Amino acid sequence: MAEAAIIDGKAFAASLRARIARQVAALVARDGATPGLAALLVGDDPASRLYVRNKSRALAEAGMGSWQHLMPADATQDAVMAKVAELNDDPKVDGILVQLPLPEQLDAAAVLNTIDPAKDIDGFHVVNVGRLATGQEAMVPCTPLGCLMLLRDRLGELKGLDAVVVGRSNIVGKPMAQLLLAAHCTVTMAHSRTRDLPAVCRRADILVVAVGRPEMVRGDWIKPGAAVLDVGINRVERDGKTRLVGDVAFAEAREVAGAITPVPGGVGPMTIACLLLNTLTAACRRRGLAVPEAA
Ligand code: GUN
C-alpha cells in the first residue's frame, strides 16, 4: 500500500488565516470597530506565556486587537472572577480567553463559567458545551474545530464513518466526539481505561488521538487507509536533542494510514487559526452581522 498522504495543517491554517484577515478588513471597513480578544493569564508559567504571546501575534497579523491581562500566581478566586466580569462588560472585547491551566488554588470551572458565553471563544463555558451537545449554535473549542476542518477537507462527507477519539479531555476529546457525532459518524470515545485499546483503534476510519503520551499509538493499531489526526505535542530527548513528537508513532503509522497529520505542522497550527475564526465569529454575532462563510 502507498504511504499515507500528509495532511498539511500548516498550509491549511495559513490560507484560513489569510481569508480571516480579508474578512476582518471587510468587517472593519463596514462597521468601524476592530474585533478583539482579551487573554487572561494567571501566574508565570513559561509555556502559557509563550502560547498567549503567539495567540496575540496571530490576532495582530489578522488585523484584530488583542489585550493581555496578567495576574499574579497567588491571585484569589474573587479577583480573577472580577477581572472576567470586567472583560464581559467591556464593549471593545469580542472574545475572552482564560489560559489554562490555572494555578491550583483556583476553581477553573467557576472561572470559565463566569465568561459571557457570547465572548467564550474557547467554547469552555457549560452553556456552549451544552449547546454543542444539543445541536444549537455554539462557540466550538478551537482544536477540535480545526481537526474537523482538516477531516472535511480530506474526506468530504463524513457520514457513516467509524470515528474513534482517544482521550476524553474537556478541551479536545469530548468536544471532538460531539462534532463527529453531529457529522453523522459512529463515534467511540476511548481513554486510558479502555480495554484492548489497539483493537478499538483498529476499527477507526477516523482516528483522533489526544492523550499527551509520546508515540503511544503504534502502526499496527491503525486500520489500513484510515485518516489519523494526532493532537499530541510531546517534547522528548532523543540522540541528545529535544524533539517534538505526537501521540502517534508517525513513521509506523504512515505505512498504514491513508492520511495523517505530522507533528509539528499538523493540528497545532489549526488551533490558532480557529481561535482567530472564533474571535471573528463572536465579533460578527455581537454586531448582528452575518458570520462569514467557513466561520
Ligand atoms: N491550554 C491548553 N490548551 C488550551 C486552549 O485551547 N485554550 C486555553 N484557554 N488554554 C489552553
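Atoms within a ligand are numbered from 1 in the order they appear, just like the ligands themselves. Note that the structure is a prediction, hence the values are computed from the model and not measured.
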R203 and D162: CA distance, side-chain angles, deciding distance, salt bridge (charged side-chain N to carboxylate O under 4.0 Å, His left out) verdict: CA-CA 7 Å; R203 296 207 296 259; D162 277 313; over 6 Å; no

Should side-chain heavy atoms under 4.5 Å link Ile, Leu, Val, Met, Phe, Trp and Tyr, which residues sit in the same cluster as L70?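 Members besides L70, by chain and number: L41, V52.
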
Linking directly or through intermediates, with side-chain heavy atoms under 4.5 Å: list the remaining ILVMFWY members grouped with I272, chain and number order.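 When side chains under 4.5 Å apart are linked, I272 ends up in no cluster with other residues.
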
Tell me every residue that passes side-chain contact (heavy atoms from CB on, under 4.5 Å) with L181, counting only those two or more places apart in sequence or in another chain.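 Partners of L181 by the side-chain contact (heavy atoms from CB on, under 4.5 Å) criterion, ordered by chain and then number, come out as Q178, V187.
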
Could you give the N/O to N/O pairs under 3.5 Å linking ligand 1 and the protein, each with its distance?
| from | atom 1 | to | atom 2 | distance (Å) |
| --- | --- | --- | --- | --- |
| ligand 1 | 1 (N) | Q99 | NE2 | 3.4 |
| ligand 1 | 1 (N) | L100 | O | 3.0 |
| ligand 1 | 7 (N) | D122 | OD1 | 3.3 |
| ligand 1 | 7 (N) | D122 | OD2 | 3.2 |
| ligand 1 | 9 (N) | V98 | O | 2.9 |
| ligand 1 | 9 (N) | D122 | OD2 | 2.6 |
| ligand 1 | 10 (N) | L100 | N | 3.1 |

Side chain of D205, backbone of L161: donor and acceptor closer than 3.5 Å?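 The answer is no, because no donor-acceptor pair under 3.5 Å joins these two groups.
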
N/O donor-acceptor pair under 3.5 Å between Q105 side chain and T76 backbone: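 Between the backbone of T76 and the side chain of Q105 there is no qualifying donor-acceptor contact (under 3.5 Å).
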
